[in-house]
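One structure is given here, and the rest of the page talks about it.
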Amino acid sequence: MPEASLAKTYDPAGTEARWQAAWETAGAFHPDPAAPGEPFAVVIPPPNVTGSLHMGHAFNTALIDTVVRFQRLRGRNVLCLPGTDHASIAVQTILEKQLKAEGRSREELGREAFLERAWAWKAESGGTIVGQLRRLGYSVDWRRERFTLDAGCSAAVVEAFVRLHQQGLIYRGEYLVNWCPASGSAVSDLEVEMKEVDGHLWHFRYPLADGPAADGRTHLEVATTRPETLLGDTAVAVNPVDPRYAALVGRRLRLPLVGREIPIVADDHVDPDFGTGCVKVTPAHDPNDFAIGQRHNLPLVTVMSRDGTMNEAAGRFQGLDRFAARTAVVEAMEAEGCLVKVEPYRHSVPFSDRGKVPVEPLLSTQWFVRTEPLAARCRDALADPAGPSPRFVPERWSKVYRDWLTDIRDWCISRQLWWGHRIPAWFVVSETGGVITDTTPYVVARDAAEARAQAEAQFGGGTHAHPLVLEQDPDVLDTWFSSGLWPFSTLGWPDAAAADLARWYPTSVLVTGFDIIFFWVARMTMLAGAFLAEEGRPPAAWMPFADVYIHGLVRDEQNRKMSKSAGNGIDPLLLIERYGADALRFALVREVAGAGQDIRLDYDRQSDTSATVEAARNFATKLWNATRFALLNLGGETPASLGEPDPAALQLADRWILSRLARVNQETAERYASYALGEAARGLYEFAWNEVCDWYLELIKRRLNPGENPSPEALADQRTARQVLAKVLSELLVMLQPLMPHLSEELWHGLTGAAEGEFLALQAWPTANGAALDDALEASFLELIEAIRVVRNLRAVAGLKPSQPAPVQFVSGRPELAALLRQASADIAALTRAESVTVLDPAGAETARAQRTLAGVSGELQVLLPLEGLVDLDSLRGRLEKDIAKAEKEIAGLSGRLANPNFAGKAPPEVVAECQANLAEAQAQAELAR
RNA sequence: GCGCGAUUAGCUCAGCGGUAGAGCAGCUGUCUUACACACAGCAUGUCGCUGGUUCGAAUCCGGCAUCGCGCACCA
């Protein structure tokens with residue numbers, strides 16, 4: 001037996017915690033790869049272990065969970081796999097900060113102790129976000145939770161590295177990389193963010209080394225935003241077609257402060273119209289200059305160390321921090337009379353994403369992934385004749401993805417950090433005097449033993465005097481390298497026979513924000529291409545996901561991007577505590593509009609309240625109360641015990657709501673399936689509130705309470721109403737489950753009396769009853785609703801108290817409408833407090849109108865309220881005048897249109913006919929109002 | 001510089017070729033036995049500007065403006 005009733009108010013906190021525990025204990029979302037049902041898999045974007053839940057996670061979670069819960073209802077064998085990311089730089093930064101506070105450094109601690117500490121930190125603090133994700137009611141399989149640094153993922157990383165190396169897609173070499181002095185590591189191009197800063201442009205004079213030019217010039221003038229790099233200049237470049245300098249190309253300049261002679265070279269890169277048309281060239285400290293240097297075979301002079309201080313090549317500036325050196329160089333240049341001028345200058349400076357300091361382009365030996373072959377495979381997949389793979393939703397993001405893959409640079413994957421996957425390369429240091437140099441030979445292997453075997457094969461076993469000594473590369477891999485394997489490493493790859501991999505790969509959809517299309521999405525597709533794209537396999541078979549659903553950002557109440565540094569984040573947990581997780585989820589999804597636009601969450605920082613989330617909470621309460629109402633009126637029966645209603649017994653309202661139910665079912669399923677989640681949420685909201693609660697529940701109240709000593713007919717009708725009510729409500733709860741899982745679970749249990757161990761989340765999506773669909777009925781029901789509205793409006797105009805009964809008369813020349821109104825007269829009476837409802841034909845209306853009546857119109861329907869006294873004539877006149885004005889405006893517009901011969905001639909006949917009908921109606925309306 | 005998105009009621013946004021919509025907020029009533037986190041009713045717009053296509057444009061096309069984002073970047 002179901003509970004006889006629900007508590008008067010809904011308590012989200014208790015309910016949510018209870019169902020979360022019940023689902024998890026029962027393993028409700030722990031799928032069996034051997035179970036039937038078409039597979040549907042999603043791996044969640046693993047949040048950083050350092051993180052705590054922010055609104056972006058809540059949003060992403062709400063969207064993913066809505067999709068997977070829907071697919072589960074549809075009978076798919078759903079795997080939704082959770083996990084976290086080890087976040088190499090972020091974790092290391094936190095730990096180094098801690099060490100610094102203790103007056104220590106990681107070098108003092110040593111690698112092993114440092115890593116021990118890191119794991120301890122992870123064990124202690126790494127679970128925060130996972131616990132917070134649980135509070136959203138995420139229907140993931142917690143038993144399959146993964147971590148990018150766990151044993152399985154680590155093995156996958158090693159395997160991936162080894163195979164890429166075998167394929168010739170990984171190389172090591174000295175290149176100009178983005179060096180982050182704050183983290184002491186190289187970072188990839190993607191981790192560099194250009195920021196506009198107010199700086200200066202210093203103009204310097206470089207004297208000609210070999211005497212004045214033919215025209216008497218003794219020097220060239222160059223401009224720079226980074227004077228400290230001057231120390232590493234190895235040329236000055238001019239444009240080859242620049243007449244000012246043509247004669248000087250090939251001559252030499254003396255570099256001030258340093259004294260080095262450097263050539264004047266001609267290079268297309270130089271824009272003759274900018275500044276003086278002369279560019280100082282520092283190949284070791286600027287990417288463009290590096291390229292110029294390559295073209296002209298210029299030497300590379302590195303003047304800076306990895307910690308951001310000047311090195312021995314900087315001469316007297318050695319030891320200075322790069323920014324101190326800047327000042328010092330300018331002062332020295334001024335002292336030498338080589339400073340021409342300084343002007344303020346706003347320009348872009350590359351900043352490290354993580355370190356928040358300017359990155360330094362620095363020559364360094366690093367590991368790289370050769371990306372072009374992988375990118376090409378992805379571009380081909382996107383252009384696959386069988387359809388793009390993956391399919392982006394909204395489609396426009398595929399262009400962003402493709403463009404990035406089209407002009408891609410190699411990916412620097414080594415990081416000079418300790419927390420992460422250590423690079424599986426062993427240097428044969430015995431070949432280079434016991435240390436790792438840029439030229440030390442190395443082997444790439446799965447472990448030390450394999451490395452030794454390889455090295456011995458290559459270099460022999462060594463001798464007693466000179467044993468073969470191997471040392472593993474101390475560096476770790478970019479965190480995104482392991483993230484890039486996530487969709488298959490978590491399913492068991494590289495074990496091709498792994499049950500999960502066989503069952504759920506490729507996954508169905510990736511749901512994520514556009515900000516990590518390059519970082520993550522493209523890396524996953526490229527790496528999948530490297531390992532899972534066998535010859536002849538179509539892209540859809542190896543791409544890690546069929547669809548990529550890209551959603552927007554959650555912005556704050558002022559439309560600002562939420563960010564930690566700006567401190568404008570809105571804490572999801574605060575909102576969950578105040579309104580419930582279901583309310584937050586529903587609010588977020590409901591805000592989603594069409595094509596992945598950003599959503600804005602309104603928020604009052606004084607009171608920590610949000611009208612948007614509050615509205616969703618109110619909706620939850622509405623559903624709670626509607627179910628309470630049902631429980632009070634179902635006589636202790638359940639949807640199952642009541643059974644399906646007899647179609648022959650259905651009343652007008654029943655047929656209407658069942659038609660609406662079937663339609664909403666179809667629409668909602670289609671919307672969920674096509675990621676139109678905002679539309680799905682809004683559609684259900686409107687159906688539940690405006691149709692089920694506002695109209696259907698009101699309409700059946702009389703039938704549910706047939707009074708004392710009811711007739712057998714009344715009892716039968718009561719049962720019909722109960723059957724329909726139970727059906728509508730229980731199916732509505734199923735449809736809402738993906739959006740509001742806890743509330744719907746709770747209400748469904750209340751309504752059905754299902755056992756504790758049974759879950760709404762695991763029920764089947766209700767079959768839409770196509771036979772119940774009835775367009776004509778829905779249309780005429782709208783007319784009925786409209787008629788009731790007119791009556792209510794007239795009563796309001798007349799100033800009638802809601803409780804005061806009054807007679808109502810309808811006049812319609814349309815027999816069907818008249819019949820409908822007669823059929824529904826008892827309903828109308830109930831909903832308008834009518835003491836009587838009369839439906840007249842136009843002929844009979846004359847007499848009625850002769851009395852003192854209030855009149856209103858809806859379409860061609862007249863509504864009359866015969867009232868003696870109590871009528872506020874002024875407001876009535878006001879209203880009627882408004883009606884007339886509106887009708888006249890319409891008449892003018894429509895007749896103008898009809899008078900245009902082009903319209904009548906060219907517009908489709910049905911449009912013209914509709915226009916004529918509308919005109920006739922408007923004229924009738926104006927007439928009536930007068 | 002190149003590209004993308006946005007611009008509709010006070011606010012948040014739907015609508016994307018046939019007479020401008022919703023939800024909040026606002027105003028007026030109401031304890032009508034599920035719900036005042038509610039019910040009923042009422043207001044509210046040169047659909048950014050400007051050309052064009054069309055019988056007809058918020059909707060399609062061209063320009064412009066403003067805001068936002070991405071990519072590239074001149075020292």
Side-chain angles (χ1 to χ4, degrees), chain A residues 5-6 8-10 194 201 222-226 229 236-237 269-271 273-282 286 288-289 345 347-348 394 396-397 399-400 403-404 407 514-515 517-518 552-553 555 557 559-561 579 583 590-591 593-602 611-612 614-615 617-633 678-679 682 685-686 689-690 693-694 697-698 701 705 789 792-797 799-803 830-833 879 889-890 893-894 897 900-908 910-912 914-915 918-919 922:
Chain A
S5 65
L6 293 167
K8 189 147 164 69
T9 53
Y10 176 49
M194 300 303 279
L201 196 56
V222 297
T224 182
T225 54
R226 305 184 55 207
T229 63
V236 165
H269 171 258
V270 180
D271 175 2
D273 296 328
F274 185 87
T276 58
C278 299
V279 182
K280 63 191 269 309
V281 182
T282 322
D286 181 276
N288 288 311
D289 293 4
Y345 189 61
H347 62 131
S348 305
R396 64 188 154 93
W397 291 111
K399 181 176 152 51
V400 175
D403 287 352
W404 188 74
D407 206 6
F514 57 80
D515 48 332
I517 290 180
F518 307 145
L553 261 40
R555 316 191 76 103
E557 71 281 7
N559 205 25
R560 294 171 306 186
K561 204 160 145 177
Y579 302 111
R590 194 171 118 94
E591 286 299 305
Q597 296 298 330
D598 290 351
I599 65 169
R600 195 185 295 199
L601 191 65
D602 82 285
T612 309
E614 189 175 312
R617 189 274 319 266
N618 293 351
F619 180 52
T621 306
K622 188 74 181 175
L623 293 165
W624 180 267
N625 283 312
T627 309
R628 275 188 72 214
F629 172 81
L631 288 175
L632 293 171
N633 285 286
E679 286 83 347
R682 290 190 293 272
Y685 179 96
E686 281 161 24
W689 201 313
N690 303 338
C693 291
D694 287 352
L697 292 189
E698 293 305 326
K701 277 181 176 171
N705 288 299
R789 289 219 164 107
R792 285 172 172 171
N793 173 249
L794 285 178
R795 289 179 53 105
V797 167
L800 286 180
K801 288 217 161 191
S803 52
L831 296 186
T832 62
R833 286 294 173 114
R879 186 196 142 81
K889 195 175 154 201
E890 213 176 313
L894 289 168
R897 186 133 56 115
N900 182 342
N902 283 327
F903 176 70
K906 295 189 185 174
E910 62 271 21
V911 173
V912 178
E914 196 188 326
C915 201
N918 287 341
L919 177 62

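Note on naming: letters A, B, ... go to the chains in the order of the sequence lines (proteins, then strands), and numbering restarts at 1 for each one. FYI, side chains are in, hydrogens and waters are out, and symmetry mates aren't considered; it's all heavy atoms of this structure. If you're wondering where the values come from, they're calculated on a predicted model, not measured in any experiment.
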Indicate, with a heavy-atom threshold strictly under 4.0 Å, whether [X] touches base, sugar-phosphate, or nothing.
| X | answer |
| --- | --- |
| A:Lys701 | base |
| A:Asp289 | nothing |
| A:Ala626 | base |
| A:Asp602 | nothing |
| A:Cys278 | nothing |
| A:Ser803 | nothing |
| A:Glu591 | sugar-phosphate |
| A:Val270 | base |
| A:Leu697 | base |

Would you mind telling me which of [options] lies closest to the side-chain atoms of [X]?
| X | options | result |
| --- | --- | --- |
| A:Lys622 | B:C39, B:G23, B:U30 | B:C39 |
| A:Lys399 | B:C37, B:C4, B:G41 | B:C4 |
| A:Arg617 | B:G41, B:C37, B:A75 | B:C37 |
| A:Arg590 | B:U32, B:C37, B:G23 | B:G23 |
| A:Thr224 | B:C35, B:G18, B:A75 | B:A75 |
| A:Pro908 | B:A75, B:C55, B:C37 | B:C55 |
| A:Phe514 | B:A75, B:C69, B:C55 | B:C69 |
| A:Glu698 | B:C35, B:C73, B:U32 | B:C35 |
| A:Tyr685 | B:A34, B:C37, B:G23 | B:G23 |
| A:Cys693 | B:A34, B:C37, B:C55 | B:A34 |

What is the distance, to the nearest angstrom, from the [atom1] atom on [X] to the [atom2] atom on [N]?
| X | N | atom1 | atom2 | answer |
| --- | --- | --- | --- | --- |
| A:Glu679 | B:C13 | CD | C1' | 12 Å |
| A:Leu623 | B:A38 | CG | P | 12 Å |
| A:Lys561 | B:C69 | NZ | P | 7 Å |
| A:Phe619 | B:A38 | CZ | P | 12 Å |
| A:Arg792 | B:A40 | CZ | C1' | 6 Å |
| A:Arg555 | B:C67 | CZ | C1' | 10 Å |
| A:Trp624 | B:A36 | CH2 | P | 15 Å |
| A:Lys801 | B:A40 | NZ | C1' | 15 Å |

Report yes if some heavy atom in the side chain of [X] is under 4.5 Å from a heavy atom in the side chain of [Y]; otherwise report no.
| X | Y | value |
| --- | --- | --- |
| A:Lys561 | A:Leu553 | yes |
| A:Thr229 | A:Lys280 | yes |
| A:Leu831 | A:Arg792 | yes |
| A:Leu631 | A:Leu6 | yes |

Expressed in whole Å, how much space separates the [atom1] atoms belonging to [N] and [M]?
| N | M | atom1 | result |
| --- | --- | --- | --- |
| B:G3 | B:G62 | P | 12 Å |
| B:G48 | B:A43 | C1' | 25 Å |
| B:A25 | B:U44 | C1' | 12 Å |
| B:U33 | B:G45 | P | 37 Å |
| B:A65 | B:C27 | C1' | 36 Å |
| B:C4 | B:C60 | P | 15 Å |
| B:A57 | B:G51 | C1' | 13 Å |

With a 4.0 Å cutoff (strictly under), does any side-chain N or O of [X] reach OP1 or OP2 of [N]?
| X | N | result |
| --- | --- | --- |
| A:Arg789 | B:G41 | yes |
| A:Trp689 | B:C39 | yes |
| A:Asn705 | B:U33 | no |
| A:Asn793 | B:A40 | no |
| A:Arg600 | B:C13 | yes |
| A:Tyr345 | B:A75 | yes |

Exercise. Does A:Arg396 make a side-chain donor-acceptor contact with the base of B:C4, cut-off 3.5 Å?
Worked result: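 Flag unset: no donor-acceptor pair detected.
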Seminar exercise, completed: Stems for RNA chain B (at least 3 consecutive Watson-Crick or G-U pairs, under 3.5 Å) come to B:1-7 with B:65-71, B:10-13 with B:21-24, B:26-30 with B:38-42, B:48-52 with B:60-64
Exercise. How far apart are the closest heavy atoms of A:Tyr345 and A:Leu201, and which atoms are they?
Worked result: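 Residues A:Tyr345 and A:Leu201, closest heavy atoms: CB-N, 3.7 Å.
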Exercise. Relative to the 5' end of RNA chain B, which residue comes earlier, A:Thr9 or A:Val279, by the nucleotide with the nearest heavy atom?
Worked result: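 Mapping each residue to its closest nucleotide by heavy atoms, the 5'-most match is A:Thr9.
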